[in-house]
Amino acid sequence: MQNYNKEFEVNKHIPNAHKIIKSSQERSTKFRNDMLKEKKARLDIKYGQNDRNVMDVFSPGPLVRSTLIFLHGGYWLNSDKSHWSHLASGSVQSNVRVAIPNYSLCPDADLSEIILEIKQCIDFVAKKFNEPIIIVGHQAGGFLAARMACMKMLSPDIVARISHIMPIAPLSDLRPLVQTTMNNEIALSEEKAIQESPALLEVDQDIMVTVWIGSDDQPIYLQQAKFLATHWDCFFVKSQNRNHLDVLEGLESANSRLLARLFVNLEDI
């Protein structure tokens, strides 16, 4: 029987993962503090009723091409928006505003409730800002980003505002998670896993989707990403020599291939 616990323990397969994570969090703190000093950051903006329904917003200045929403990973069990502020840097340099929300975590909320919180977050952003909307998510956040691209998830007026959705190393088929110890807290049934898996649902054809993953990611994630891209017949990029963690560095650089792809529909200003 396949040991999905080991397959999903990605950090154990990345050399010096703890140092990479520590460095990442240090860059996040520095970027956030710098943006606060420049008066280009607003923290803990409320978008919903629950305690974790808050977002940080980083703005480039008066000229804004789009608003990007970044959804963090952590298997819906942990992590916090404050760990990921630095991932806004490449977008801000490209005149793109970035919103990084928290959302409720399992077991305090179930997956269906978390999905609806993200929908509420997108509705809030759409009302607050006028520009096109981009949605990016990593791992569990990649699942949430992909879920927003599914048919009948977002209202037609919101879909018309979506420029691009990019799930990065996404969880797209939840069925393997049912067999993990994590599921003691996530509480997915086989039926629920099938019902919520983006790779088992249909994509909204009016939304551009790119699935992005590092070539050195774990086999289970490479399978998940390929499955989603194949089922949706969407753009698929396997970024060479990148793993589950450093694949996100493309969000930090305005000149990265990742951001070039992500902003492909945006007008220059």
Side-chain angles (χ1 to χ4, degrees), residues 42 45-59 64-73 76 81 88 91 96-106 109-138 140-168 170-174 192-212 228-229 231-235 261-267:
R42 291 186 61 201
I45 299 171
K46 197 80 175 161
Y47 70 83
Q49 298 303 312
N50 296 325
D51 289 345
R52 282 181 59 90
N53 291 168
V54 291
M55 67 171 73
D56 296 343
V57 175
F58 303 99
S59 299
V64 181
R65 300 163 68 199
S66 175
T67 298
L68 183 153
I69 302 170
F70 176 79
L71 306 170
H72 69 72
W76 315 288
K81 59 183 172 57
S91 296
V96 171
R97 179 191 295 111
V98 178
I100 306 180
N102 273 344
Y103 49 84
S104 297
L105 300 173
C106 302
D110 67 27
L111 201 52
S112 296
E113 292 169 333
I114 295 170
I115 291 166
L116 290 178
E117 287 184 4
I118 299 305
K119 181 178 184 296
Q120 185 178 23
C121 175
I122 294 166
D123 289 343
F124 178 88
V125 167
K127 288 176 183 176
K128 188 172 181 62
F129 304 116
N130 297 322
E131 300 82 16
I133 296 168
I134 296 170
I135 305 170
V136 182
H138 177 241
F143 160 84
L144 293 169
R147 197 65 184 79
M148 294 303 109
C150 293
M151 282 290 293
K152 299 181 179 179
M153 186 69 232
L154 301 175
S155 63
D157 58 320
I158 298 295
V159 168
R161 296 273 306 278
I162 302 295
S163 170
H164 208 153
I165 291 182
M166 181 181 284
I168 301 175
L171 294 163
S172 65
D173 180 358
L174 303 182
K192 190 73 169 177
I194 292 170
Q195 179 184 331
E196 298 292 6
S197 292
L200 304 178
L201 299 170
E202 297 306 313
V203 67
D204 190 316
Q205 295 295 330
D206 291 327
I207 296 177
M208 174 180 280
V209 178
T210 296
V211 178
W212 195 283
L228 181 63
H231 179 62
W232 283 2
D233 191 24
C234 67
F235 208 86
R261 174 61 192 170
L262 195 56
F263 299 155
V264 68
N265 283 340
L266 297 185
E267 295 181 4

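Just so it is clear, the values below take in all heavy atoms, side chains as well, and ignore hydrogens, waters and symmetry mates.
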*Given the rule in the side-chain contact (heavy atoms from CB on, under 4.5 Å) test, do Leu105 and Arg52 qualify, once you have shown the distances and angles that lead to the verdict?*
CA-CA 8 Å; Leu105 300 173; Arg52 282 181 59 90; 3.7 Å; yes

*Test Asn50 against Glu113 for side-chain contact (heavy atoms from CB on, under 4.5 Å), laying out the working first.*
CA-CA 11 Å; Asn50 296 325; Glu113 292 169 333; over 6 Å; no

*Do the ring centers of His164 and Phe263 come within less than 6.0 Å of each other?*
no

Counting only N and O atoms by type, is there a donor-acceptor contact under 3.5 Å from the side chain of [X] to the main-chain atoms of [Y]?
X	Y	value
Asn265	Ser163	yes
Tyr103	His72	yes
Ser197	Leu174	yes

*Could you tell me which non-hydrogen atom of Ala146 sits nearest to which non-hydrogen atom of Pro167, and how far apart they are?*
CB-CG, 3.9 Å

*Closest heavy-atom contact between Leu171 and Pro198?*
O-CD, 4.5 Å

*Mind checking side chain to side chain donor-acceptor pair (under 3.5 Å) for Asp157 and listing every partner two or more places apart, or none if nothing turns up?*
Ser155

*With sequence neighbours left out, write down each residue that passes side chain to side chain donor-acceptor pair (under 3.5 Å) with Arg147, or none if nothing qualifies.*
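Result, side chain to side chain donor-acceptor pair (under 3.5 Å) vs Arg147: Glu196.
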
Can you tell me how far the [atom1] atom of [X] sits from the [atom2] atom of [Y], to the nearest 0.5 Å?
X	Y	atom1	atom2	answer
Gln205	Met151	CD	CE	8.0 Å
Ile207	Ile165	CD1	CD1	4.5 Å
Ile133	Ile162	CD1	CD1	5.0 Å
Ile168	Leu262	CD1	CG	7.5 Å
Lys152	Leu201	NZ	CG	12.0 Å
Leu266	Glu131	CG	CD	10.5 Å

*Angle class for the Trp76/Phe143 ring planes (parallel below 30°, perpendicular above 60°, tilted otherwise)?*
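Perpendicular: the ring planes of Trp76 and Phe143 meet at over 60°.
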
*Decide yes or no on side-chain contact (heavy atoms from CB on, under 4.5 Å) for Thr210 and Cys234, but give the supporting numbers first.*
CA-CA 6 Å; Thr210 296; Cys234 67; over 6 Å; no

*Take Ile45 and Phe124 through the test side-chain contact (heavy atoms from CB on, under 4.5 Å) and record every step on the way to the result.*
CA-CA 10 Å; Ile45 299 171; Phe124 178 88; 3.9 Å; yes

